[in-house]
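Just so it is clear, the values below take in all heavy atoms, side chains as well, and ignore hydrogens, waters and symmetry mates. The chains referred to below are lettered A, B, ... by the order of the sequence lines, with proteins before strands, and numbering in each begins at 1.
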Amino acid sequence: MPRLSWSVAFLFVLLVSLVRPLHAAETNCQSQLYLGAAPILKNPKLAEQTSPVCFSEIALLYSGIARTPLWSAEHLTAGRIQRARGLSRLHSDAFHEEPSLPADLRSELADYRRSGFDRGHMAPNGDMSTIEAQEESFSLANMIPQEPCNNEVLWEGIESAVRSLALSEGDAYVVTGPAFLGAELRSLKGRVLVPTHIFKAVYLPSRKLAGAYFAPNDGSQSWEPISISELESRISVDVFPEASADVKRHAMDLPGPTPHFGCRLHTMEAGQQASGPGRR
DNA sequence: CGGCCGGATGTT
DNA sequence: AACATCCGGCCG
């Protein structure tokens with residue numbers, strides 16, 4: 001009998017030791033969320049096949065149906081932004097599949113390859129203040145298929161503006177994610193859903209002000225500022241559950257994007273490439 | 001800042 | 001032959 005209970009106990013200890021790092025990571029993850037509260041999915045269908053992923057400077061919820069994050073959250077501080085600006089960007093080979101997700105639900109590098117879409121960060125590399133956090137940000141769990149002009153010009157400009165805002169305000173909670181609106185959704189290889197829109201919500205706790213950027217996932221370079229309530233009505237997610245109703249109802253005056261480059265990329269719609277499988 | 005590609009290399 | 005990794009160059 002000692003033998004049997006031994007093996008049982010051993011298995012139990014093994015399981016606990018496997019699970020414990022996740023708990024540690026989850027508590028650490030709360031620091032990325034305003035008052036430790038994760039965004040709330042108002043539509044039960046959205047919550048199907050989701051898994052939380054906790055990195056050192058990102059808290060996100062991954063959807064195994066969309067094979068993208070539904071939201072990716074960060075707590076930006078002035079110090080974090082200053083340290084992040086001291087780091088150089090990782091090489092693009094740093095993109096990697098997320099091993100902590102169930103294999104059949106993971107998005108893969110092959111899904112994005114030659115798709116015409118960028119692998120677009122939700123929590124951006126430019127917000128990461130350590131090498132470790134940078135590497136984690138390149139996980140495909142943090143990635144959506146993003147139209148190149150949107151990603152590299154408009155969205156880069158918005159990310160940059162939000163960093164400057166956090167730097168000057170000293171403190172900002174940011175939640176970024178995709179929206180899948182309408183009945184006809186495109187996909188990569190029938191696996192990764194292509195978002196129709198992208199949002200970035202910002203909350204300034206010291207000023208009790210909040211608002212969100214909302215943009216179509218196309219090359220139009222258009223965007224609109226909306227309130228957190230309006231965002232919730234569009235995407236069925238309450239990104240700042242602990243913010244007051246007043247704060248959520250009023251859209252703060254968001255700084256406009258400050259892009260570093262223009263985009264005169266040809267208008268070829270992403271998703272259709274000229275060359276077929278020209279393998280040899 | 002955000003990405004892309006191709007070349008050289010080492011491993012299976 | 002296929003795939004990963006590191007590197008450098010390119011673009012917007």
More than 12 non-hydrogen atoms from neighbouring residues, nucleotides or ligands closer than 6.0 Å to NZ on K189(A), yes or no?
-> yes
Output yes when at least one side-chain N/O atom of N125(A) is less than 4.0 Å from OP1 or OP2 of dC1(B), else no.
-> no
Interatomic distance where CG belongs to L154(A) and C1' belongs to dG3(B) [whole Å] | 15 Å
On the ring face of F95(A), is R119(A) found with NZ or CZ under 6.0 Å from the centre and within 45° of the axis?
-> yes
Partner of L231(A) under side chain to side chain contact (heavy atoms under 4.5 Å, CB included), picked from V237(A), D238(A), V239(A), is V239(A)
No-H, no-angle donor-acceptor pair, H260(A) side chain to dG12(C) base, under 3.5 Å = no
Rounded off to whole Å, could you give me the CZ-to-P distance for the R113(A) and dG3(B) pair?
-> 18 Å
Does the side chain of K200(A) come under 3.5 Å of the side chain of T176(A) through a donor N or O and an acceptor N or O?
-> yes
Aromatic plane relationship, Y203(A) with Y34(A) - under 30° parallel, 30 to 60° tilted, over 60° perpendicular = perpendicular
OP1 or OP2 of dG2(B) sitting under 4.0 Å from any side-chain N/O of N151(A)?
-> no
OP1, OP2 of dG3(B) versus side-chain N and O of R119(A): anything below 4.0 Å?
-> no
Could you state the atom-to-atom distance from CD1 of I81(A) to P of dC1(B) in whole Å?
-> 11 Å
L109(A) atom CG is separated from dA2(C) atom C1', nearest whole Å, by 15 Å
If you look only at pairs with a residue in residues 64-73 of chain A, which of them pass as a side chain to side chain donor-acceptor pair (under 3.5 Å), with sequence neighbours excluded?
-> S72(A)-N142(A)
Looking only at side-chain atoms of D93(A), point me to the closest of dC7(C), dC5(B), dG3(B).
-> dC7(C)
M143(A) atom CE is separated from dG2(B) atom C1', nearest whole Å, by 12 Å
Is there a donor in the side chain of E136(A) and an acceptor in the side chain of S56(A), or the other way round, less than 3.5 Å apart?
-> yes
To the nearest Å, give me how far apart CD (E152(A)) and C1' (dG3(B)) are.
-> 4 Å
So, with a heavy-atom separation below 4.0 Å from DNA chain B, the residues of residues 155-171 of chain A are E156(A), E159(A), R163(A)
Whole-Å distance separating the CG atom of L90(A) from the P atom of dC1(B) = 11 Å
